[in-house]
Every structure is written in C-alpha cells, then in structure tokens.
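Because only heavy atoms are used, hydrogens play no part in the values below, and waters and symmetry mates are left out as well, while side chains stay in. By convention in this document, chain letters (A, B, ...) are assigned in the order of the sequence lines, proteins followed by strands, and residues within each chain are numbered from 1.
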Amino acid sequence: MLTTEDLLRAPVAAAVAELFSADIQPGSVTFQRTNPAFEGDVTLVVFPYVKLAGKGPEQTAQLIGEHLQAKLPEVARFNVVKGFLNLVIADDFWNRQFTTLSSEPAYGHKPVTNTSPMVMVEYSSPNTNKPLHLGHVRNNLLGFSVSEILKAAGYRVVMVNLVNDRGIHICKSMYAWQQLGNGETPESSGIKGDHLVGKYYVEFDKLYKEQVKLAVAAGQTEEEAGKTVPAMLAIQEMLRKWEAGDEEVIALWKMMNGWVYDGFNTTYKKLGVSFDKIYYESNTYLLGKSIVEDGLNKGVLLKRPDGAVIIDLTPDGLDQKVLLRSDGTSVYMTQDLGTAAERHNEFPFEKLVYVVGNEQEYHFKVLKLALAKLGYAWADGLYHLSYGMVELPHGKMKSREGTVVDADDLIQLMEDDAQKLAEDRGLIADMSSEAKATLYHQVGMAALKYFILKVDPRKKMLFNPEESIDLQGNTGPFIQYTYARIRSMLRKAGVADSLPGFTTPAQLHEKEKALIKHLHQYPAIVQEAAATYNPAVVAQYTYDLAKTYNQFYDACPVMKAESDTLKHFRLNLSACVARTVKESLRLLGIEAPEQM
RNA sequence: GGUCCCAUAGCUCAACUGGAUAGAGCAGUUGCCUUCUAAGCAACCGGUUAGGGGUUCGAGUCCCUUUGGGAUCACCA
C-alpha cells in the first residue's frame with residue numbers, strides 16, 4: 001500500500017534539489033496531518049528548507065507547492081499558511097487506495113510465518129492467595145492486547161503466565177484455613193475458590209495482629225513480637241516443610257491452589273484472556289543458581305565475606321544487588337535470571353516483554369543489566385512494559401485494607417449496567433435469553449476494556465467506584481454500536497461482507513474521503529502500536545474511525561443513495577469500515593456484536 | 001537523603017514524539033427520530049497546559065528551578 005508519504009517524499013527531495021540546488025535525503029522528509037482548520041490532506045513543514053532556499057517560509061512553501069503540483073497529478077492543489085504547505089491529494093488517489101485496501105482480506109495485518117521474529121509476552125502473573133482486582137485487570141487486558149497487536153504486526157507471539165504459587169505468603173492462608181476453616185471448601189460454602197482462599201489470607205492477618213498485640217501487652221517489643229508470635233513461627237515451619245516436600249503440607253497446598261486456579265480460570269475466561277504456557281514459581285524458584293555459579297567463575301559476580309553473591313552495579317548508577325543469599329538460597333532475582341535463560345532456550349525470542357507494574361522498574365533494570373553482564377546477548381531484547389497503577393480517589397488499592405475493586409464484582413456490575421441500558425432501549429426483544437446474556441457480557445466488557453486500554457499504559461489511571469463506567473461517548477459500546485449499525489444495514493441490503501465490482505464516484509463526499517483516509521492509516525497504526533507496546537493507539541484510532549463513520553452515516557444516505565452505483569460504493573465503504581472496526585476491536589480483546 | 005516518574009477544561013483522558021487557533025468524552029445548556037439502530041448526529045459552555053526562568057523561526061512536549069503528588073533504593077516476592 002502506497003502511503004501519501006511514500007508518494008511525496010522523493011518528489012519533495014527532487015523539488016528541493018531542483019529549486020534550491022541542495023541535496024536532502026528523501027527519508028528525512030517528514031509530513032504531518034493537515035490541521036482541520038485548513039484545506040488539505042497532508043502537510044509539509046518547510047522550515048527545515050528555508051535556509052537552503054535562502055527565502056522566507058511562505059515563498060519557499062509556495063515554490064515547492066508549485067513544483068509538486070506541476071510534477072505530480074496526485075497533487076490537486078495546495079495552499080500555504082506561514083511555513084506550512086498544505087497539499088490536497090486528488091480524489092482519484094483515494095479511490096485507488098480504497099479499491100486496493102477493500103480487496104485485502106487481512107488488511108493492515110502482516111502475515112506470520114515460521115520465520116517471523118518471536119516475541120514472548122509475560123503477563124498476569126498473580127499471587128495465589130487473593131482474588132484478582134482492578135490492578136490485575138489492567139495487567140491482563142494490557143498483556144492480552146499487546147500480544148494480539150504484536151501478532152497483527154507480524155510477530156510470532158508466545159503468551160506466558162508466571163504464577164506466584166509458593167513462599168511464606170502462601171503459607172498464611174494455608175495456616176489460617178487449618179486453624180479456622182473447619183474443612184470449609186468452595187463447594188460447601190458456595191464461595192468462589194480464589195475468594196475463599198483470599199478470605200483466609202485476611203483471617204491470618206487478623207490473627208497475627210491479635211497475637212502481636214497480646215505479646216506487646218505482655219511486655220515484648222513490637223519487632224520482637226512480630227518474629228516470635230505462634231502464627232509467625234507456624235508459617236515459617238510450614239514453609240520449611242513445604243520445601244522439604246512434607247506430604248501433608250504439600251497436599252494442603254495442592255488442594256488450596258486448586259481452588260484458586262478454578263477461580264482464576266473463571267475470571268480469565270470472563271476477561272477473555274489466555275496463555276500459551278503457564279509457569280509456576282514452585283517449579284522455577286530453584287533456577288538460576290547455576291547461572292550465578294557461572295558468573296562467579298567468570299568474575300562478573302563477587303562473593304562477599306559473609307558468603308552472599310552479589311553483582312556490583314554501582315558503575316551503572318545502580319546499587320549492589322544480592323543474587324544468592326549467604327546460606328546459598330535463591331532470591332527473586334535469581335529465579336528471574338534462571339527463568340529468562342530457560343525460556344530463551346525453549347523459545348528463541350527476539351523480545352521478551354514483561355507486563356509488570358512500574359513499582360518493579362528497578363528490578364527489571366537490574367535483571368536486564370545483570371543478564372547482559374553475564375554475557376547473554378539476548379538480554380538486549382528484554383523489555384519491561386511498565387504500566388502505571390490503577391488508583392482510587394483515596395489512593396492506591398491495598399488488599400489488606402480492603403480498599404480494592406474486585407475483578408469479579410466489577411465485571412458483574414458492568415454486565416448489569418449493559419443490561420439496564422439495553423432493556424431501556426428495547427431493541428433486542430427478539431433475541432433469545434441466552435443471546436441477550438452474551439450481549440450484556442460483550443457490551444459490559446467492552447466498556448471496561450476500552451476504559452482501561454484507552455489510557456496510555458505508562459501512566460497511572462484513576463477509577464472512581466462511585467461513578468459507573470460510561471456506555472456512551474468515547475467508550476467501547478459506542479464503537480460496538482457503530483459496528484452493529486453497519487451490520488444491520490448490510491443485512492437489509494442482503495450483503496454478507498462486501499460486494500465486488502463497485503465503481504468509485506468521480507467526486508468523493510467529504511465524509512467518504514475522511515473515511516478512506518482513516519482506513520488508509522490502519523496499517524501504520526498497527527505498526528506504531530506494536531512498536532510502542534501501546535494498545536491506546538489502537539483504541540484512539542478505532543474511536544476516531546467509528547466517530548467518522550457516524551458522521552458519514554448522518555450525512556450520506558446509503559440505502560437511498562442517488563444511484564445504485566453510489567449505493568454499492570457506500571455499502572462497500574461501510575463493509576470495509578465494519579471489518580476494520582471489528583479487527584481493531586479484536587486487537588483490544590473486545591468483541592463486536594452483530595446486533596445491539 | 002539518592003534515583004526515577006507524574007501534574008493539561010469541574011471530572012476522566014488525547015495531542016502524530018519540537019509545529020498552525022491544545023482536542024475528545026462525561027457533567028451542564030440546546031436543537032435533530034413519518035428515510036439505513038438516537039448506545040447516534042449537530043451546536044453552545046468550559047484552558048495563563050501547577051508557578052517561574054531559559055533554549056529557537058516555533059515549547060504542553062527539551063533544559064534549569066520552585067511547589068505538590070507517587071514509586072523505588074531488602075539476604076520479600
């Protein structure tokens with residue numbers, strides 16, 4: 001697909017050469033969208049050439065404009081505002097673009113083959129002691145969407161999840177359940193597994209604090225009490241037994257983890273996310289020791305007098321970091337070193353994207369640097385997609401303080417809102433109750449997903465539980481609605497997807513041209529979103545496309561167009577918009593209902 | 001204390017990576033359903049881009065500084 005930039009770059013360079021006898025690289029010529037206040041499709045900023053021209057900006061722009069218009073039939077006319085050369089591209093060019101792009105089945109997406117570069121995306125990575133909340137939702141939606149975008153941009157993508165299923169924190173819920181649970185199970189209580197385990201995690205915290213309070217009252221210092229209270233000793237003992245493979249502890253661990261996984265899988269399914277491979281820390285936590293040994297031998301790592309192995313990153317502006325405890329056991333970093341190396345053996349990725357909150361920026365900086373120093377060339381491909389926290393009006397969400405927005409609750413709330421609005425509209429009376437339930441889910445999730453994904457991942461975002469997420473305006477359902485309306489029209493016209501053999505009009509309506517220009521941008525948008533790991537780029541684009549279509553819909557009758565030729569063209573244009581909207585929604589993990 | 005990030009309309013977010021008169025949605029006011037779905041379209045209202053200085057043809061964007069917020073600097077994960 002020839003973009004306007006491709007079309008104009010060389011001619012602009014030629015114009016500069018001819019008019020001002022100066023050599024510039026065609027690749028250095030850049031364009032921008034024309035400001036809507038002026039007529040034009042693309043704009044050349046001529047400030048970079050005024051020195052070469054030895055003339056004022058207006059005159060420089062005027063000369064280049066005249067030259068381009070004379071040489072290129074695609075340049076219909078132009079106007080000059082200050083140093084901006086606004087070029088109007090002929091309708092014929094846009095018509096040719098539309099004819100080409102409307103015939104491409106996977107328009108805008110690059111095909112993936114066995115030799116395409118491979119990217120691994122790690123996301124979700126939950127703890128198995130509490131249910132998922134809104135922060136996890138952002139992580140999951142980002143990870144899934146980034147993966148889909150990378151696939152569309154031509155990468156082989158491996159989606160992985162690293163489940164944090166071991167450690168002292170897991171023992172807390174296990175211990176509390178042992179002490180207080182009376183054999184309660186998800187079945188006996190009717191509580192979803194992850195919520196049940198989360199309940200005992202909170203119970204432990206209460207129990208523990210109570211014991212510390214008593215001990216302090218009995219004269220111990222708080223620090224002392226914190227370490228010696230029975231509950232603390234018990235979970236430490238439990239962790240030792242777990243690491244020693246104690247049958248009873250392992251059985252309890254397996255049972256309760258099973259409950260959590262059942263619960264997570266339900267939530268994952270509702271969120272529409274999935275993984276190609278799931279790693280468990282209980283399997284990976286011993287990895288990395290050999291890498292550390294190796295690093296010691298190479299002299300990259302140092303053994304401190306107390307026996308701990310460290311890496312000295314002070315020359316890089318960071319600190320010293322412990323990679324192996326003095327007793328020889330692993331830390332978080334050890335495990336991540338080992339996991340990354342093992343993954344690269346299994347999947348020779350070019351990039352490994354970690355979708356992890358920005359609170360771990362330091363960790364990933366160290367991880368990448370350490371691997372590089374240890375001599376792994378692929379370390380260069382590690383990328384920490386460091387997303388901002390979801391904050392509530394009162395600040396960060398904290399599980400223990402109960403100030404979290406639960407994922408399951410929120411999903412339910414969104415479905416209820418979608419149902420309420422749909423029932424008020426009363427347009428889907430003919431649907432089966434099953435189809436209705438599906439629709440409420442699709443619409444509710446669209447609102448939630450778009451709400452989260454339209455925000456730049458790197459920025460923190462705010463969620464106010466007092467205000468429900470909109471279903472109108474700049475939202476997911478708005479875009480779905482545009483799609484459903486087109487599909488409804490195509491059904492009435494008896495058109496499945498598109499009808500070949502249309503004729504483009506000699507003169508495009510302003511809104512038709514605007515739509516073609518938007519469609520024309522789609523491939524570049526996909527590439528940009530992939531290069532920056534930013535679904536918000538796709539979200540913004542899709543909204544603009546839908547918005548533009550709605551304006552077209554209002555201004556241009558399709559079924560009652562002046563002629564059959566025009567009707568067929570507009571049906572094709574609509575079908576093409578529908579396809580692109582559906583695809584770009586899919587990249588965001590949002591479904592496009594046929595009717596709503 | 002060191003390092004890093006953030007601050008844009010009453011609210012939630014944009015701004016093509018230094019470009020033209022800073023854009024959307026929500027909220028508020030007001031038009032448009034006897035023509036393809038009004039979850040829509042159109043219009044009005046709303047801004048000293050936290051404050052100050054600098055760099056240049058041009059700054060929300062880059063540099064310095066003040067203020068306010070956040071993260072991180074564990075032999076936790």
Side-chain angles (χ1 to χ4, degrees), chain A residues 30-38 43 45 47 50-51 56-57 81-84 86 125 127 164 166-169 281 285 304 306-310 317-319 321-327 329-333 335-336 357-363 365 386 388-389 391 395-396 418 421-422 424-425 427-428 443 447 451 454-456 458-464 467 469-482 484-490 492-493 521 524-525 528 532 536-537 540 543-544 546-547 550-551 553-561 567 570-571 574 595-596:
Chain A
T30 54
F31 299 90
Q32 63 187 50
R33 284 198 283 276
T34 301
N35 185 302
F38 305 102
T43 292
V45 184
F47 287 113
V50 297
K51 252 184 221 154
V81 182
K82 291 188 259 181
F84 299 91
N86 302 321
S125 304
N127 281 331
N164 182 343
R166 67 166 288 278
I168 195 86
H169 53 291
E281 291 197 357
Y285 79 105
R304 275 200 320 222
D306 64 5
V309 179
I310 59 144
L318 302 174
D319 299 308
K321 185 81 190 172
V322 171
L323 297 186
L324 217 51
R325 293 192 186 100
S326 47
D327 63 4
T329 57
S330 319
V331 293
Y332 179 39
M333 188 63 72
Q335 170 188 287
D336 265 7
N358 61 12
E359 56 205 351
Q360 291 199 40
E361 264 168 21
Y362 185 75
H363 173 78
K365 232 180 246 177
S386 168
M389 296 291 103
E391 288 180 7
K396 257 188 89 170
L421 181 56
D424 285 351
R425 280 165 44 82
L427 283 177
I428 54 164
V443 172
F451 174 79
K454 76 169 179 182
V455 182
D456 187 325
R458 282 155 266 272
K459 292 193 174 176
K460 67 170 187 231
M461 61 179 290
L462 193 115
F463 176 79
N464 187 350
E467 299 167 11
I469 296 176
D470 287 326
L471 301 172
Q472 284 159 349
N474 186 357
T475 67
F478 169 96
I479 300 166
Q480 289 180 315
Y481 174 75
T482 304
R485 207 158 59 162
I486 297 174
R487 297 299 296 169
S488 164
M489 195 170 68
L490 293 176
K492 284 193 176 152
Q521 279 181 290
I525 291 290
E528 187 198 338
T532 55
V537 170
Q540 188 64 41
Y543 172 71
D544 286 340
K547 181 95 186 152
N550 288 338
Q551 291 168 350
Y553 184 87
D554 199 60
C556 304
V558 177
M559 302 299 281
K560 298 203 170 165
K567 176 177 161 183
R570 286 183 175 165
L571 279 171
S574 301
Q595 183 192 348
M596 67 186 276

With rounding to the closest Å, how many angstrom separate the [atom1] atoms on [N] and [M]?
| N | M | atom1 | result |
| --- | --- | --- | --- |
| C4(B) | C62(B) | P | 15 Å |
| C64(B) | U3(B) | P | 12 Å |
| G10(B) | A50(B) | P | 13 Å |
| U30(B) | G46(B) | C1' | 16 Å |
| G60(B) | U17(B) | P | 16 Å |
| U8(B) | A14(B) | C1' | 10 Å |
| A43(B) | G52(B) | C1' | 39 Å |
| G23(B) | A15(B) | C1' | 7 Å |

If only side-chain N and O atoms of [X] are considered, is one of them under 4.0 Å from the OP1 or OP2 phosphate oxygen of [N]?
| X | N | answer |
| --- | --- | --- |
| K459(A) | A14(B) | yes |
| K460(A) | G69(B) | no |
| R485(A) | A38(B) | yes |
| N164(A) | A77(B) | no |

I need the single residue from L323(A), L324(A), V322(A) that forms a side-chain contact (heavy atoms from CB on, under 4.5 Å) with I310(A). Which is it?
V322(A)
Just to be sure I understand the rule, does [X] reach a base, reach only the sugar-phosphate, or reach nothing, if contact means heavy atoms closer than 4.0 Å?
| X | value |
| --- | --- |
| A536(A) | nothing |
| L462(A) | sugar-phosphate |
| Q335(A) | nothing |
| V455(A) | sugar-phosphate |
| V50(A) | nothing |
| T43(A) | base |

Beyond-backbone contact of [X] with [Y], side-chain heavy atoms, under 4.5 angstrom:
| X | Y | result |
| --- | --- | --- |
| R485(A) | N550(A) | yes |
| T482(A) | Y553(A) | no |
| M489(A) | R570(A) | no |

Atom pair distance, as rounded to whole Å: [atom1] in [X] and [atom2] in [N]:
| X | N | atom1 | atom2 | answer |
| --- | --- | --- | --- | --- |
| K560(A) | U34(B) | NZ | P | 13 Å |
| M489(A) | U37(B) | CE | P | 8 Å |
| D554(A) | G31(B) | CG | P | 18 Å |
| Q480(A) | G40(B) | CD | P | 12 Å |
| E528(A) | A15(B) | CD | C1' | 12 Å |
| F478(A) | U12(B) | CZ | P | 22 Å |
| F463(A) | C11(B) | CZ | P | 18 Å |
| D456(A) | U61(B) | CG | P | 17 Å |

Parallel, tilted or perpendicular: rings of F478(A) and Y543(A) (30°, 60°):
tilted
Look for any protein N or O under 3.5 Å of an N or O in nucleotides 71-75 of chain B and output each such pair with its distance, or none.
{"from": "C73(B)", "atom 1": "O2'", "to": "D319(A)", "atom 2": "OD2", "distance (Å)": "2.7"}
{"from": "C75(B)", "atom 1": "O3'", "to": "R325(A)", "atom 2": "NE", "distance (Å)": "3.1"}
{"from": "C75(B)", "atom 1": "O2", "to": "S326(A)", "atom 2": "N", "distance (Å)": "3.2"}
{"from": "C75(B)", "atom 1": "O2", "to": "S326(A)", "atom 2": "OG", "distance (Å)": "3.3"}
{"from": "C75(B)", "atom 1": "N3", "to": "S326(A)", "atom 2": "OG", "distance (Å)": "2.8"}
{"from": "C75(B)", "atom 1": "N4", "to": "R304(A)", "atom 2": "NH2", "distance (Å)": "3.3"}
{"from": "C75(B)", "atom 1": "N4", "to": "D306(A)", "atom 2": "OD2", "distance (Å)": "2.1"}

Which atom names give the shortest non-hydrogen contact between I469(A) and A447(A), and what distance separates them?
CG2-O, 3.7 Å
If you take all heavy atoms of M389(A) and G357(A), which pair is closest and at what distance?
CE-CA, 3.7 Å
Pairwise 5' ranking along RNA chain B for F47(A) and T482(A), keeping only the more 5' one
F47(A)
For RNA chain B, whose closest nucleotide is more 5', that of K365(A) or that of L421(A)?
K365(A)
Given the 90°-from-0 boundary between syn and anti, U37(B) should be labelled anti
Would you call C41(B) syn or anti, using the 90° rule around 0?
anti
Where protein sits on nucleotides 21-28 of chain B, one letter per nucleotide: B base, S sugar-phosphate only, - none, heavy atoms under 4.0 Å
S--SSS--
Does the structure show F84(A) stacking with A20(B), if we require the centres to be closer than 5.5 Å and the planes to be within less than 30 degrees of parallel?
yes
